[in-house]
Undergrad: 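Below is the structure I would like to discuss, written out as structure tokens.
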Amino acid sequence: MNNIYLVGFMGTGKTSVGYELAKKIKQQFIDLDSLIELREKKLIADIFAEKGEPYFRKVEKQALKEVAKEKGFVVATGGGIVINPENIKIMKETGMLICLSASPEVILKRVSGLDLRPLMNVKDPKKQIELLLKLRAPYYALAGKTIDTSKLSVGRVVQNIIKVISKRGSKR
Ligand code: S3P
């Protein structure tokens, strides 16, 4: 079975949904950011601070390539993975992409209070969210299917994804 890649902005629920989805459909789960932290022996925030975003993007692509060699994984990706067309190509060739979305207000609520997201470490996080969402919208659209998680429980999002998977089943 090919991989299922969950893409989407920070705070849209990729990790919690991915974990529950994998349990439900009895597949392996992997969070790409956690894999990067494991490989680099550093938190994402420290990788950004010490080595910069371009370095992070390089290791992010390496981690994706590593996971893309596997089969049957539910993969929660980092919010910025879609900005590199090569990453999209890798994901499309080795599985199915599903994008999770949420309103800027919900995203702000979900990501605030944590100092773990370097891109949210700015004076006006709401503005930053709106700006990045606008810039990244065309890339997220490449997933083909988007599920708005703003008002849905994790369980309900999982149900919706399972519906999408079974509809597209023959293509997997
Ligand atoms: C990023 C999102 C983060 C993480 C890094 C960069 C982004 O992942 O990969 O901080 O560019 O949107 P989450 O989407 O899991 O927060």
Side-chain angles (χ1 to χ4, degrees), residues 1-36 44 53 56-108 110-111 117 119 128-172:
M1 191 177 277
N2 287 341
N3 293 331
I4 297 166
Y5 296 100
L6 298 181
V7 300
F9 203 74
M10 294 170 252
T12 53
K14 293 164 298 196
T15 302
S16 28
V17 167
Y19 178 78
E20 289 303 324
L21 173 68
K23 237 177 28 189
K24 195 98 184 164
I25 61 174
K26 299 191 171 53
Q27 292 200 22
Q28 307 264 30
F29 170 72
I30 191 148
D31 181 82
L32 218 55
D33 279 347
S34 304
L35 179 64
I36 295 166
I44 301 292
E53 184 170 351
F56 171 77
R57 297 297 170 202
K58 202 173 87 184
V59 292
E60 182 177 51
K61 195 206 281 176
Q62 277 165 5
L64 176 64
K65 280 185 174 165
E66 201 179 313
V67 171
K69 286 187 192 140
E70 306 295 329
K71 280 200 175 298
F73 270 81
V74 173
V75 188
T77 64
I81 200 151
V82 293
I83 56 184
N84 184 332
E86 272 182 62
N87 291 343
I88 298 273
K89 188 167 177 274
I90 293 170
M91 292 189 280
K92 289 208 166 179
E93 281 173 358
T94 58
M96 171 189 294
L97 274 83
I98 294 177
C99 180
L100 302 185
S101 71
S103 68
E105 294 73 26
V106 169
I107 290 172
L108 182 65
R110 289 181 185 163
V111 302
R117 289 180 167 97
L119 295 178
Q128 171 87 327
I129 290 168
E130 284 165 351
L131 175 70
L132 286 177
L133 277 177
K134 212 176 193 173
L135 290 174
R136 290 179 179 179
Y139 302 101
Y140 291 135
L142 296 173
K145 177 74 192 170
T146 299
I147 298 171
D148 186 347
T149 68
S150 302
K151 294 181 183 154
L152 299 180
S153 64
V154 169
R156 186 46 70 97
V157 179
V158 167
Q159 279 175 9
N160 288 355
I161 295 177
I162 292 173
K163 269 189 220 153
V164 175
I165 296 171
S166 40
K167 263 194 209 148
R168 286 203 220 160
S170 55
K171 292 184 200 159
R172 295 166 77 204

Undergrad: Decide yes or no for Ile107 and Leu133: does some side-chain heavy atom of the first lie under 4.5 Å from some side-chain heavy atom of the second?
TA: yes
Undergrad: Kindly check if the number of other-residue, nucleotide or ligand heavy atoms within 6.0 Å of NZ (Lys58) is above 12?
TA: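 No, because the 6.0 Å sphere around NZ of Lys58 holds 12 heavy atoms or fewer from other groups.
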Undergrad: Do Lys134 and Glu130 meet the salt-bridge criterion of a basic N to acidic O distance under 4.0 Å?
TA: no
Undergrad: So do the side chains of Tyr19 and Val154 get within less than 4.5 Å of each other, counting heavy atoms only?
TA: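 No, side chains not in contact.
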Undergrad: Using side-chain heavy atoms (C-beta onward) and a distance below 4.5 Å, is Phe29 in contact with Thr15?
TA: yes
Undergrad: When you check the gap from the basic side-chain N to the acidic O, do Glu20 and Lys23 get nearer than 4.0 Å?
TA: yes
Undergrad: How about Asn2 and Met96: do any of their side-chain heavy atoms sit closer than 4.5 Å?
TA: no
Undergrad: What I'd like to find out is whether the side chain of Ile161 reaches to under 4.5 Å of the side chain of Leu100, using heavy atoms alone.
TA: yes
Undergrad: I need the Leu6 CG to Ile81 CD1 distance, nearest 0.5 Å.
TA: 11.5 Å
Undergrad: Please round to the nearest 0.5 Å and tell me the distance separating atom CG of Asn84 and atom CD1 of Ile90.
TA: 7.5 Å
Undergrad: Between CD1 of Ile162 and CD1 of Ile4, what distance do you get to the nearest 0.5 Å?
TA: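 With rounding to 0.5 Å, CD1 (Ile162) is 8.5 Å from CD1 (Ile4).
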Undergrad: Apply the side-chain contact (heavy atoms from CB on, under 4.5 Å) test between Val7 and each candidate in Val82, Ile88, Thr146; give the one that qualifies.
TA: Val82
Undergrad: What residue among Glu93, Met91, Lys92 forms side-chain contact (heavy atoms from CB on, under 4.5 Å) with Lys89?
TA: Glu93
Undergrad: Once rounded to the nearest 0.5 Å, what's the spacing between atom CD1 of Ile147 and atom CG of Asn160?
TA: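 Nearest 0.5 Å value for the CD1-CG distance: 5.0 Å.
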Undergrad: For Lys71 and Asn3, which I'm curious about, is there any donor-acceptor pair between the side chains at under 3.5 Å?
TA: no
Undergrad: What's the spacing between Leu142 CG and Asn87 CG if we round to 0.5 Å?
TA: 12.0 Å
